[in-house]
Amino acid sequence: MPHKKGLRIGLTILSILGAVMSMPLVMFSPMMFDAPGSDENPLTQFLFFSVLAFPVLCLMGGILPWKLRNNPKSIWLYALSGLAVGLFVTAIVLLEVTCSGDFAC
């Protein structure tokens, strides 16, 4: 099945925008560890590393499909951006359910 170029361009724009828009979140992510005891909480660490991985996965999801565009399965590399969103949402939900949104529980 031939992939449409417009779909690739649209998904690339969304991936790159996601990476750029997440940079302020990445800059302020070390402040999650300001609360006493939050540095030993594995859920806070999971949230921290998912925030750090978000722009990297989005950029990889936007660039790699173009590098490997001759491969028919390369369109699936856009799922890396979805993986980044999934990790971030999972970390927030786990922290909210387990610790009531507190970084140090």
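Predicted model, so just to flag it, every value in this text is computed and none were measured. Quick note: residue numbers are just sequence positions, from 1.
- With Leu95 as the partner, the side-chain contact (heavy atoms from CB on, under 4.5 Å) test is satisfied by one option alone out of Asp102, Thr90, Asn41: Asn41.
- For Pro55 against Ala19, the heavy-atom pair with the smallest separation is O-CB, 3.8 Å.
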Using the side chain to side chain contact (heavy atoms under 4.5 Å, CB included) rule, take Leu47 and Leu43 through it: C-alpha gap first, then chi angles, then the decisive distance, then the call. CA-CA 6 Å; Leu47 177 62; Leu43 293 176; over 6 Å; no
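- Side chain to side chain, Thr44 and Ser38 fail the donor-acceptor criterion of an N or O pair below 3.5 Å.
- Hydrophobic clustering, with ILVMFWY side chains joined whenever heavy atoms are under 4.5 angstrom apart, groups Ile9 together with Leu17.
- Distance OG/Ser50 to CD1/Ile92: 7.5 Å, rounded to 0.5 Å.
- Tracing side-chain contacts under 4.5 Å through hydrophobic residues (I, L, V, M, F, W, Y), one reaches Val97 starting from Leu94; they form part of the same cluster.
- With contacts defined as side-chain heavy-atom distances shorter than 4.5 Å, the pair Leu68/Lys73 does not qualify.
- Side chain of Tyr78 to backbone of Arg8: a donor-acceptor contact under 3.5 angstrom is found.
- Side-chain contact check for Pro65 versus Ile75: every heavy-atom pair is 4.5 Å or farther apart.
- Residues Gly37 and Ala104 come closest through the heavy atom pair C-CB, 3.8 Å.
- Separation of atoms NZ (Lys67) and CE (Met60) is listed at 13.0 Å; rounding is to 0.5 Å.
- Annotation for Trp66: atom CH2 counts as buried by contact number, over 12 foreign heavy atoms lying within 6.0 Å.
- Between Leu25 and Phe54 the shortest side-chain heavy-atom distance does not fall below 4.5 Å.
- Phe88 contributes atom CZ, which lies 11.0 Å from atom CZ of Phe46 (distance to the nearest 0.5 angstrom).
- Each of Val51 and Ile16 belongs to its own hydrophobic cluster when Ile, Leu, Val, Met, Phe, Trp and Tyr are linked at side-chain heavy-atom distances under 4.5 angstrom.
- Of all heavy-atom pairs between Gln45 and Asp39, the closest is NE2-O, 2.6 Å.
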Where do Phe33 and Phe103 land on the ring pair (Phe, Tyr, Trp, His ring centres under 6.0 Å) test, with the steps shown first? CA-CA 7 Å; Phe33 298 109; Phe103 290 129; 8.1 Å; no
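- Here the CG atom belonging to Leu52 is positioned 11.0 Å from the CG atom belonging to Leu57, to the nearest 0.5 angstrom.
- Residues Leu64 and Leu77 come closest through the heavy atom pair CB-CD1, 3.7 Å.
- No hydrogens or angles considered: nothing links the side chains of Asn71 and Ser74 as a donor-acceptor pair under 3.5 Å.
- Leu87 and Leu14 are not part of a single hydrophobic cluster, where members link through side-chain heavy atoms under 4.5 Å apart.
- Residues Val93 and Leu83 fall within the same hydrophobic cluster, defined by Ile, Leu, Val, Met, Phe, Trp and Tyr side chains chained together at heavy-atom separations under 4.5 Å.
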